[in-house]
**Student:** 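Have a look at this one before I ask anything.
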Amino acid sequence: MAVKIRLQRHGKKNFAFFHIVVADSRAPRDGRYIEQIGSYNPNTNPATIVLDSERALAWLKVGAQPTLTARRILSYEGVLLRHHLDGGVAKGALTQEQADRKFADWKEQKDAKVAAKVQGLSRAAAEKAREAAAAEAKVNEARAEALAKKKAEAEEAARKAAEEAAAAAAAEVEAAPEA
């Protein structure tokens with residue numbers, strides 16, 4: 001029986017997430033599977049991957065073939081590196097301690113890289129929010145200036161109207177004694 005490590009699609013349209021499963025290659029994509037070993041959600045940034053790496057490694061050792069996308073996910077999580085290092089230990093090219101140290105170093109670098117990306121995303125979001133607040137303050141200031149200018153023009157018009165009314169009243173008062 002040909003066994004594949006592949007993705008099983010779930011979720012709604014345009015918002016999919018996937019289960020990582022071990023299945024017979026003849027089974028339908030979303031059909032029967034042998035074992036579920038994780039999940040993959042590409043909708044988050046960075047993508048959320050939950051994987052039982054020990055079970056994935058065990059399936060790789062007995063000959064399960066990952067699909068291209070599953071292979072990328074297994075590589076991202078370090079399962080393929082672990083499989084490669086275990087092959088080196090089996091051949092006697094390196095000891096188990098050396099393999100563990102190499103994997104730990106790789107995992108440390110990978111975690112630092114992911115943490116830097118998350119920090120960069122949060123920093124970019126904070127910068128974007130700061131720029132939006134500054135732009136909003138600028139727009140509010142322009143609106144306040146326009147409102148103050150309009151109010152000053154209205155006061156000036158009211159003052160002129162009052163002066164004209166006073167001048168007209170004074171002209172009537174002067175015209176009244178002559179009559």
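What you see below is based on every heavy atom in this structure, not just the backbone, and it leaves out hydrogens, waters and symmetry mates. Predicted, not measured: the structure shown is a model, and the values here were computed from it.
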**Student:** Looking at side-chain heavy atoms only, is the closest gap between Leu60 and Leu80 below 4.5 Å?
**Tutor:** yes
**Student:** Mind checking side chain to side chain contact (heavy atoms under 4.5 Å, CB included) for Thr67 and listing every partner two or more places apart, or none if nothing turns up?
**Tutor:** Lys4, Arg6, Ala70
**Student:** Please go through Leu121's hydrophobic cluster and name the other residues, only I, L, V, M, F, W, Y counting, with side-chain heavy atoms under 4.5 Å joining them.
**Tutor:** none
**Student:** Which residues satisfy the side chain to side chain contact (heavy atoms under 4.5 Å, CB included) test with Asn41, sequence neighbours excluded?
**Tutor:**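 So Asn41 forms a side chain to side chain contact (heavy atoms under 4.5 Å, CB included) with Phe17, Asn43, Thr44, Thr48.
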**Student:** Minimum heavy-atom separation for Ala64 to Ile5, with atom names?
**Tutor:** CB-CG1, 3.9 Å
**Student:** Anything under 3.5 Å between a donor and an acceptor, one on a side chain of residues 28-40, the other on a protein residue two or more places apart or in another chain? List them.
**Tutor:**
unit_1	atom_1	unit_2	atom_2	d
Asp30	OD1	Arg9	N	3.1
Glu35	OE1	Arg55	NE	3.4
Glu35	OE1	Arg55	NH2	3.0
Glu35	OE1	Trp59	NE1	2.7
Glu35	OE2	Arg55	NE	3.0

**Student:** Would you please name every residue forming a salt bridge (charged side-chain N to carboxylate O under 4.0 Å, His left out) with Asp52, sequence neighbours left out?
**Tutor:**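 Result, salt bridge (charged side-chain N to carboxylate O under 4.0 Å, His left out) vs Asp52: none returned.
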**Student:** List for me each residue that meets side chain to side chain contact (heavy atoms under 4.5 Å, CB included) alongside Arg26, sequence neighbours excluded, and say none if there are none.
**Tutor:** Met1, Asp24
**Student:** With salt bridge (Lys or Arg N to Asp or Glu O under 4.0 Å) as the rule and sequence neighbours excluded, what pairs involving residues 160-170 come up?
**Tutor:** Arg159-Glu163
**Student:** Using the side chain to side chain contact (heavy atoms under 4.5 Å, CB included) rule, take Leu51 and Leu74 through it: C-alpha gap first, then chi angles, then the decisive distance, then the call.
**Tutor:** CA-CA 9 Å; Leu51 182 68; Leu74 294 176; 3.7 Å; yes
**Student:** Using a strict cut-off of less than 4.0 Å between a Lys/Arg side-chain nitrogen and an Asp/Glu carboxylate oxygen, indicate whether Lys128 and Glu131 qualify as a salt bridge.
**Tutor:** no
**Student:** Given side chains that start at C-beta, do those of Ile73 and Leu7 come closer than 4.5 Å, heavy atoms only?
**Tutor:**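 Yes, at least one pair of side-chain atoms sits under 4.5 Å.
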**Student:** Below 3.5 Å, can you tabulate the donor-acceptor pairs from side chains in residues 103-114 to any protein atom, sequence neighbours excluded?
**Tutor:**
none

**Student:** Let me check something: do Val62 and Val22 share a hydrophobic cluster, defined by ILVMFWY side-chain heavy atoms less than 4.5 Å apart, either directly or through other members?
**Tutor:**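 Yes: a chain of side-chain contacts under 4.5 Å links Val62 to Val22.
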**Student:** How would you list all residue pairs meeting salt bridge (Lys or Arg N to Asp or Glu O under 4.0 Å) that involve residues 12-22, not counting sequence neighbours?
**Tutor:** none
**Student:** What pairs of donor and acceptor atoms, side-chain ones from residues 81-94 against any protein atom, are under 3.5 angstrom apart with sequence neighbours left out?
**Tutor:**
unit_1	atom_1	unit_2	atom_2	d
Arg82	NH1	Asp100	OD1	3.2
Arg82	NH2	Asp100	OD1	2.6
Asp86	OD2	Lys61	NZ	3.2

**Student:** Could you report the tightest heavy-atom contact between Pro42 and Ala47, atom names first, then the distance?
**Tutor:** CA-CB, 4.0 Å
**Student:** Got a list of side-chain donor-acceptor pairs under 3.5 Å for residues 135-153, not counting sequence neighbours?
**Tutor:**
unit_1	atom_1	unit_2	atom_2	d
Asn140	ND2	Glu136	O	3.4

